[in-house]
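Read through the structure below, which is laid out as structure tokens, and then see the notes.
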There are 2 protein chains.
Amino acid sequence: MASSERRRRPTQVDIARRAGVSQATVSLVISGGAASDQIAEATRRAVLTAAEELGYSANVAARSLKGGRNHLLGLYTFEPVFPTDQRDFYYPFLLGVEEETAAQGYDLLLFSSVTSAADRSIYAGGANRLKLADGCVLLGRHVRREELTALVKEDFPFVFIGRREVEGGEISYVAADYVSATAQMVARLAALGHRRILYLRAAQNSEPTQDRTAGYRRGLAEAGLPFDSALIRTLDDPAEVTGARVREWIGSGVTALLAEPTEDDRLVAALAAVDRSGLVRFPEDCSLALLGDPPLWTGESRDWTRFSLPRVGMAREAVRLLVELLAQPAHTARRLSVPCEFVPGDSIGPAPAGRGPEWSA
Amino acid sequence: MASSERRRRPTQVDIARRAGVSQATVSLVISGGAASDQIAEATRRAVLTAAEELGYSANVAARSLKGGRNHLLGLYTFEPVFPTDQRDFYYPFLLGVEEETAAQGYDLLLFSSVTSAADRSIYAGGANRLKLADGCVLLGRHVRREELTALVKEDFPFVFIGRREVEGGEISYVAADYVSATAQMVARLAALGHRRILYLRAAQNSEPTQDRTAGYRRGLAEAGLPFDSALIRTLDDPAEVTGARVREWIGSGVTALLAEPTEDDRLVAALAAVDRSGLVRFPEDCSLALLGDPPLWTGESRDWTRFSLPRVGMAREAVRLLVELLAQPAHTARRLSVPCEFVPGDSIGPAPAGRGPEWSA
DNA sequence: CGGCCCAACTAATACGTATTAGAAAGGGGG
DNA sequence: CCCCCTTTCTAATACGTATTAGTTGGGCCG
């Protein structure tokens, strides 16, 4: 800041001039490593001294242009991660990605441009910004498939947190084993004597929902219970779930509910409202288990029976997988499935033996 | 992924070949803007079509190498931001930086490499990684001055969140007005009749501490109270603050405490312990005000009288300042001071009229 | 018909680094 | 004294884009 004139950053050429060597020599010394032992010790020191004096630092863009890696991992989310109301849900993922990225010696690039929901796109502006990073971790429920397909087609290395499938390519991912977790939940309920278990399903037919559905059916099959498609309810509007409605279901013979939390938390909120209304007591009148973590874990809400994603661990695994991908010459998809943790909670219990007349439909 | 052979990303040259034009023309069409209206409409369409068909996306490294800017803002913290125990303190800064970065159309680069405390340095590996970004927001209490000096010397654009000074250069920053906030706090206590106000000062003599000290003295002066250097206590170990100790102080005539929270929260924890012990009642026996936010705001702790930093706002301002810096041809330092918000709380009250014999020292 | 200007394009170059082929110097063996 | 090898360095080039100066061809004016 001594003079106001625009100062150019020192380059290897400047160092070369000062040390009386060629730019190539500087490059060999600086980027060190393998080929640098063919440099005389005196020269090497001269170069390093000059670099020091000039305050040299490598131009990462140039380095990366040349084809080398630039030691950046990207994190791209299909939903905004930071807004406070979703903070508690996404934070562990963020935390895990950050930790493991650092542990692997990379820096983390958060793609945040154009948070305005509509424009939130990988391919905004004609430039695929993701490619500034060596590879990318992707996250989020509302995936735009075309973009994923394009990424796969371009052979860009990325790992999704959560199972995602796309036509015409294999996607690497770290996914929670919703199938087993859901099946086990059904098994637990069956062991408690439940026969008619209603599954409240998310509206969007994303992979996590498909997996839970598969787990539901598998659980029923393994418990020897019949499958009744009327017992899968897709909710367009979670507000439909009211005390009266739940009582109707109970009247029709349902003794347990499985609820799939959505990222907007409205279903869980509706169920909590039913709980507080006193119209239905969980688990005395009806058992209730959540197929995942409620996004907003306020701490004041009930301790629902549920299973829980190891989110920090998943995120760390995703980064590890990504780094492995980068080391491979050809990108073959890698997949990892991690088990969910069962949280006992207090909202399931034995199936009621018989119903009084007040429950008749 | 159709074939396992490594596929090269399409470049402007590929497009040019396909569209039967030159690379320069492609560049003009793609990067659009001003000079692109000298291109015939037919040509432009041909180029765009070819780009589309090839799935072109610009190489950001090359673009940035050429133009100098790559639309990245960096965030560098001198302490780890993510670890959960400091999460609540730093999160608002992170949030603000992220929001405003996105709003300004930049992406955010988190410098996380080498979180291992010792190696956590801007100049790790001989290359100043910060410079991958166009500019940088810095954050944290445990600053390494040499690094700041070097950054200034290199004329790298950055903004510190918090006032930081360094010899041989002007640093841009967004700072909370600790001076006024502290002075006002003293004024408040003086108005309540307090005459001997003990200031518990942080051990490290960083700028925030200097500002509070200045505010303390200014507040005393404006209230017409004498300055007594014995009333400034530097605590090497916050554990020294015990109920007995506070009673000693009270015995020596002190009627109010000003405490400067440290980022490890130990002082506030010690005071909370004193409060819980019942040995001293705040504010009946002694008034107590915090000169800032306790880092760990658990919600269960007392509602201390204090002032509070507009952290999200400060972070956003820092990003705005940074973007302004980038627009300037020559970097002149820019500074911004934002007021703190007074939080009444319940830990200050009128000075006790007289003391019983149990308080004598 | 010659000169000139304009529209539409292209050739050439710079950006900073990594890498490779090869040059220059020095030494040792025949 | 020549040849070859080793050590140590350099020249040249590629990476993909943006930009500037310049080229081409055609139309218009005098």
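Residue numbers begin at 1 in each chain, while the letters A, B, ... track the order of the sequences.
Taking only side-chain nitrogens and oxygens, T11(B) never comes nearer than 4.0 Å to OP1 or OP2 of dG16(D). Listed pair S27(A) / dA18(C) meets the phosphate criterion, a side-chain N or O lying under 4.0 Å from OP1 or OP2. OP1 or OP2 of dC9(C) lies within a sub-4.0 Å distance of a side-chain N or O belonging to T43(B).
Rounded to whole angstrom, the span from the CD1 atom of I15(A) across to the C1' atom of dT10(D) amounts to 17 Å. The separation between Q12(A) atom CD and dG16(C) atom P is 11 Å, rounded to whole Å. The CD1 atom of I39(A) sits 8 Å away from the P atom of dT10(D) (whole-angstrom rounding). Distance CD (Q38(A)) to P (dA21(C)): 12 Å, rounded to an integer number of Å. In this structure, L28(B) places its CG atom 14 Å from C1' of dA12(C), rounding to the nearest Å. The separation between R17(A) atom CZ and dT10(D) atom P is 14 Å, rounded to whole Å. Going from atom CZ of R63(A) over to atom P of dC15(D) covers 19 Å, rounded to whole Å. Note: CG (N59(A)) to C1' (dC15(C)) measures 8 Å, nearest angstrom.
Nearer the 5' end of DNA chain C, as judged by each residue's closest nucleotide, is the contact made by T25(B), out of T25(A) and T25(B).
Taking only side-chain atoms of K66(A), from C-beta outward, the nucleotide of dC9(C), dA14(D), dT17(D) with the closest atom is dA14(D). The side chain of A24(B) has dT19(D) as its nearest neighbour among dT19(D), dG16(D), dC9(D).
Remark: R45(B) engages E41(B) in a salt bridge, criterion side-chain N to carboxylate O under 4.0 Å. By the 4.0 Å N-to-carboxylate-O rule, E165(B) lies close enough to R335(B) to be salt-bridged with it. Between R145(A) and E207(A) there is a salt bridge, since a side-chain N of the basic residue sits under 4.0 Å from a carboxylate O of the acidic one.
Below 30°, between 30° and 60°, or above 60°: for F156(B) and F158(B) the angle between ring planes is below 30°, a parallel geometry.
Applying the 3.5 Å distance criterion, the base of dA11(D) shares no donor-acceptor pair with the side chain of Q23(A).
Aromatic rings from Y91(A) and Y91(B) are positioned such that their centres are separated by under 6.0 Å.
Note on V21(B): only backbone sugar-phosphate atoms sit closer than 4.0 angstrom, heavy atoms only; bases stay farther off.
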